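Order of listing sets the numbers, starting from 1, for every ligand and every atom in it. Remember, it's a predicted structure, so these values are computed and weren't measured experimentally. Residue numbers start at 1 and run along the sequence shown. Side chains are part of it too, since the values below use all heavy atoms of this structure and drop only hydrogens, waters and symmetry mates.
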Amino acid sequence: MEPFPDLPGFLYRPGALDPAARTDLLAEVQAAISIAPFYRPVTPGGKPFSVRMTNMGRVGWVSDRAGYRYQTTHPETGAPWPPIPATLLMLWDGLTGGSAPPDACLVNLYRDTARMGLHQDRDEADLTAPVVSVSLGDTAVFRIGRADGGPTRSIRLGSGDVCALTGPARLARHGIDRLLAGSSSLIPGGGRINLTLRRAT
Ligand code: MD3
Ligand code: FE
């Protein structure tokens, strides 16, 4: 479905993953995290993110005092990122109609009051390639507005919900205002994991 008529290309698939698929995907992500642990990046200005991050794929998105970029290794361990699970590559295929595969999957961990300010995703080489996002765990209040300004509005992203950002929605402004703590018991210790699949290079 496309919930906002003035945001064509914003595809929203609530409950795209059933409960068994959520559990299976979380296990695959936990295996990746054991290789590439979550860490807390800092902005180019030196301020720590409230979200913790890691990546899967040939390249991963990182931020530090040198700026935002994609790189092939974990900033703390120096090891290559683990691969993107096949289930996510198949999900990308189905939602994007066989668009060239993603090479990066950012894994964001939100706990407690973690949030993500309004921004655009524009660190990728081809800004026409789609982005696909999968939510696991606690429901988040997600905010989105058109690239060219105007009002933003909110939608709740719950566990197993999937979004695709294609066409004009690719450069939409978006962010996470807050979590609804305790809305899911999927993630041990609570919180939310978001997987963002991108074609970065
Ligand atoms: C709309 N992550 O990592 S996912 C990010 O829930 C990011 O962790 C949020 O924004 C999160 O950059 C939102 C949904 C999403 C992802 C990419 C988009 C929405 C988007 C790209 C363009 C427009
Ligand atoms: Fe984003």
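- Heavy-atom contacts from other residues, nucleotides or ligands closer than 6.0 Å to CZ of R69 number more than 12.
- When distances from the Fe ion (ligand 2) to the N, O or S atoms of D121 are compared, OD1 comes out shortest.
- Put simply, no part of R173 is less than 4.0 Å from ligand 1, judged by heavy atoms.
- With a 4.0 Å heavy-atom cut-off, ligand 1 is reached by the side chain of R198 but not by its N, CA, C or O.
- At least one donor-acceptor pair closer than 3.5 Å links the side chain of R170 to the backbone N or O of D121.
- Using a 30° and 60° split on the angle between ring planes, F142 and H174 fall in the tilted class, from 30° to 60°.
- Looking at R170 next to ligand 1, no N or O pair under 3.5 Å apart turns up.
- The pair D138-R111 does not count as a salt bridge, with every side-chain nitrogen at least 4.0 angstrom from each carboxylate oxygen.
- Residue-level check: among N/O/S atoms of H174, NE2 sits closest to the Fe ion (ligand 2).
- Here's the thing with H174: one of its N/O atoms is less than 3.5 angstrom from an N/O atom of ligand 1.
- Here L157 has no heavy atoms under 4.0 Å from ligand 1, in either its backbone or its side chain.
- Atom 7 (C) of ligand 1 has M116 SD, 3.5 Å as its closest protein atom, hydrogens excluded (heavy atom only).
- Side chain to side chain, N108 and T196 fail the donor-acceptor criterion of an N or O pair below 3.5 Å.
- Closest to atom 2 (N) of ligand 1 among all protein heavy atoms lies N108 ND2, 3.6 Å.
- Side-chain contact between V29 and L195 is present, with heavy atoms from C-beta onward closer than 4.5 Å.
- Put simply, the side chain of D103 gets close to the backbone of T201: a donor and an acceptor are under 3.5 Å apart.
- Around the CZ atom of R156, the shell of radius 6.0 Å holds no more than 12 heavy atoms that belong to other residues, nucleotides or ligands.
- Atom numbering of ligand 1 starts at 1 in the shown order; those under 4.0 Å from a heavy atom of N194 are 4 (S), 6 (O), 8 (O), 11 (C).
- With T196, D121, L165 as candidates, the residue nearest to atom 20 (C) of ligand 1 on a non-hydrogen basis is L165.
- A side-chain donor-acceptor contact under 3.5 Å links W92 to the backbone of S99.
- At a heavy-atom cutoff of 4.0 Å, ligand 1 is contacted by the backbone of A169 but not by its side chain.
- Only the side chain of R192 comes within contact range of ligand 1, with a heavy atom under 4.0 Å; no backbone atom does.
- Counting all heavy atoms, side chain and backbone alike, W81 lies closest to T73 at CZ2-O, 3.3 Å.
- With a 4.0 Å heavy-atom cut-off, ligand 1 is reached by the side chain of Y110 but not by its N, CA, C or O.
- Looking at W61 against ligand 1, nothing comes within 4.0 Å, counting heavy atoms.
- Scanning the protein for heavy atoms near atom 13 (C) of ligand 1, the closest one is F142 CE1, 3.9 Å.
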